[in-house]
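Whatever order the structure lists them in is the order used to number ligands and atoms, beginning at 1. Just so it is clear, the structure is predicted and the values come from calculations on it, not from any experiment.
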Amino acid sequence: MTMLADAETPVDEGVDLLAEMLPEDAHEGRPVVMDEQAKREARRAVIAGICVPGYIVPFGSREMPVARGWGSGGLQVTLAIGGTDDQVKVIDQGDEEGVNAVNLRRLIVGTLGAAATADTEVATIVQSRHRVPEEAMSVQHTLVLQVPQSEPLRAVEKSVYECKRRHAEADYAKMWVLLYERLALTGVMGTGTGHPVMVHDRYLMAPSPIPRWDIPRLHQSEHLTLLSHGRDKKIYAVPPYTDVEPLSFDDVPFEVEYLEGVRCAKCGTEASFMVETKTNEHICSDVQFCLKVRAGEADLDAHDVLIPHRYFPDPRKRVRARSSVEVGLPVPPPAGVTAPGEDWSLKVDGLGKIYRGSRGSSEVIAAADVSFDVAPGEALGVIGESGSGKSTVMKCIIGDEADATGSVRIGAVQEGMSNLLDLDASARRRLRTNTLSVVYQDPAMGLDLNISAGGNIADALIAAGWRSYHMIRRRAAELLARVDVPLERMDDVVGQFSGGMRQRVQIAKALATDPQVLLLDEPTTGLDASVAAGVLDLLRELLTERELAVVVVSHDFSVIKALTDRAVVMRQGRVIEQGLTDQLLADPHHPYTQQLVAAAQS
Ligand code: ADP
Ligand code: MG
């Protein structure tokens with residue numbers, strides 16, 4: 001049995017005990033903490049990670065026999081890629097002498113039969129949790145980062161499947177919404193640690209909890225960076241000479257931590273990442289670098305190149321948190337969008353949808369041969385009692401309903417040639433970002449109640465490609481003003497709003513990107529009568545000032561009357577009567593329509 005080192009402290013004894021408990025490598029007499037099969041799995045993931053920079057690669061492994069907080073992910077990578085000819089440096093915070101750093105180093109060195117070093121310059125593998133070393137690294141170095149959270153989207157998306165979907169579609173709008181909200185509330189660009197970065201212009205990556213100071217060091221670096229999360233069993237990589245760009249708005253740059261004029265109390269360096277001591281002094285976080293500077297052995301020219309000047313805080317570009325926003329003139333109505341030679345924006349033809357019962361026994365024909373078209377600037381009503389198929393028609397147009405028959409076309413989409421029912425899910429989502437908007441009866445369906453009113457509108461704008469913080473904020477303020485939401489509520493969480501106010505925010509969000517087609521599904525049904533009347537008035541104004549094609553679904557003729565010029569009457573999935581709304585009200589032909597009219601007038 002080979003000891004990792006001579007026992008000196010209780011911690012050393014613990015490590016030695018661990019070594020004794022583990023089986024020995026038959027040839028080298030070293031303890032086996034990771035078997036060859038597991039190493040191969042990790043190496044395979046490392047290679048995949050290098051091939052697809054920033055992409056999170058899952059790998060198979062057994063649990064490591066180490067405590068949580070030791071960073072089993074980094075350990076697995078180091079043990080999988082390291083060998084006897086390596087020089088291993090292990091740092092925790094900026095220090096080699098912390099308990100974790102000492103013990104991890106002993107375990108790694110003992111297991112690999114590699115040499116330990118504190119010197120970044122001579123190291124071949126640097127394993128770290130919180131820092132990228134201050135000193136320059138080159139092609140000989142591999143930086144292994146132990147990661148506490150591998151999925152950057154977890155902060156904004158709980159579903160694992162949805163996270164994957166967003167990576168696949170490079171749909172990172174929600175992350176910008178998070179940045180928008182932080183800026184609006186704190187005025188500072190940049191999350192605490194682990195600020196999200198775009199790797200190779202493709203994948204969003206969580207760069208472990210390294211300080212923002214270190215993030216620019218990953219960009220176009222000469223060394224290979226491997227990031228690994230042990231419990232999640234995920235590996236990702238930044239190969240040498242790869243672009244790593246911190247997420248930021250076009251007009252509000254990313255910032256690193258930098259206090260102008262502050263020098264390290266020990267070595268006098270001005271531009272390094274510093275920590276504050278208990279006596280309120282600032283000292284270099286990278287202890288080894290600090291020692292070298294003091295000994296006159298540090299390569300300061302090489303370090304100079306790495307100082308992230310470009311990202312030093314610029315007070316002139318600071319955003320005032322929770323500032324009032326200048327509101328310009330009302331948003332001008334966008335030009336009507338029609339297909340050349342066509343007079344419709346939305347055309348539904350022979351739409352059908354059948355719900356089959358679970359055992360194929362009961363079948364519900366929710367929509368059958370439904371046809372109508374809507375011109376730019378026109379609002380069409382769809383009326384019928386509950387269960388008549390109104391929501392089904394709506395869902396078919398949005399694309400929330402599979403297996404619909406017939407066709408749905410929008411003038412602005414491929415000149416009206418493409419049947420939206422044939423689009424795949426991601427194409428439909430893109431359509432929803434700037435062409436087709438929906439206002440639901442339940443505001444929770446159209447809004448994220450956990451984020452602010454401004455953040456919800458930012459969500460729509462960012463999804464449509466807006467990247468200027470100030471323009472987003474101004475647009476959000478204009479829209480909220482237009483729907484009579486007080487500007488001082490702009491940065492309040494929507495969940496705290498009343499029902500009527502939530503519906504106003506939902507309407508503002510739906511209009512944010514000037515869609516060509518707007519669908520309103522029972523927009524006032526959930527509201528108290530007086531509140532509903534106010535929202536109805538607002539909708540009427542908004543529809544007359546814009547060249548939108550609108551479909552209003554309601555069971556209530558007074559809503560249809562207030563908002564629409566034409567209407568179709570639905571019953572049991574079919575259109576039984578249609579015409580000008582006034583005419584339908586004044587002179588309904590079908591007995592069912594007569595009932596609906598009588599109900600509205602009673
Ligand atoms: P409306 O919106 O006019 O109240 P819906 O379009 O919601 O009507 O429903 C039309 C018919 O389709 C109803 O008979 C309803 O029970 C049925 N239906 C709606 N959704 C489903 C579903 N997911 N599964 C089975 N039947 C459904
Ligand atoms: Mg309905």
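Residue side and main chain included, M394 places no N/O/S atom under 2.8 Å of the Mg ion (ligand 2).
Those atoms of ligand 1 with a heavy atom of S388 less than 4.0 angstrom away are 1 (P), 3 (O), 8 (O). Annotation for ligand 1: atoms under 4.0 Å from non-hydrogen atoms of S386 are 4 (O). Contact atoms of ligand 1 toward E385: 3 (O) (distance under 4.0 Å to a heavy atom of the residue).
The side-chain heavy atoms of K347 and F372, taken from C-beta on, include no pair separated by under 4.5 Å. In this structure, V569 and L596 have side chains that are in contact, with non-hydrogen atoms separated by less than 4.5 Å. Counting heavy atoms from C-beta outward, V57 and K234 have side chains that stay 4.5 Å or more apart. Counting only heavy atoms from C-beta outward, the side chains of R429 and R432 never approach each other to under 4.5 Å. In this structure, the side chains of T242 and P53 come closer than 4.5 Å at one or more pairs of heavy atoms. Counting only heavy atoms from C-beta outward, the side chains of Q503 and Q441 never approach each other to under 4.5 Å.
Heavy atoms from other residues, nucleotides or ligands lying under 6.0 Å from NZ of K561 number 12 at most.
The only member of V559, I507, L539 that meets side chain to side chain contact (heavy atoms under 4.5 Å, CB included) when paired with L520 is L539.
When hydrogens are left out, the protein atom nearest atom 4 (O) of ligand 1 is G387 N, 2.6 Å; that is the closest non-hydrogen contact. Among protein heavy atoms, atom 8 (O) of ligand 1 sits closest to G389 N, 3.2 Å. Nearest to atom 14 (O) of ligand 1 among the protein's heavy atoms is V364 CG1, 3.5 Å. The nearest protein atom to atom 24 (N) of ligand 1, hydrogens excluded, is given as Y355 CD2, 3.4 Å; this is a heavy-atom distance. In this structure, atom 7 (O) of ligand 1 lies nearest to the protein heavy atom S391 CB, 3.7 Å. When hydrogens are left out, the protein atom nearest atom 12 (O) of ligand 1 is A366 CB, 3.4 Å; that is the closest non-hydrogen contact.
At a 4.0 Å cut-off, not a single heavy atom of E522 sits close enough to ligand 1 to count as contact. Ligand 1 has no atom lying under 4.0 Å from any heavy atom of G384.
With atom 9 (O) of ligand 1 as the reference point, the heavy atom nearest to it among I365, I383, T392 is part of T392.
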Working note: D556 + S558, criterion side-chain hydrogen bond (donor to acceptor under 3.5 Å, both in side chains); need CA distance, chi angles, decisive distance, verdict. CA-CA 5 Å; D556 183 347; S558 59; 2.6 Å; yes

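Note: H229 and Y236 fail the aromatic proximity criterion, with ring centroids not under 6.0 Å apart.
At a 3.5 angstrom cut-off on N or O pairs, K395 does not count as close to ligand 1.
Residue-level proximity to ligand 1 for M570 is absent, since no heavy atom of it falls below 4.0 angstrom.
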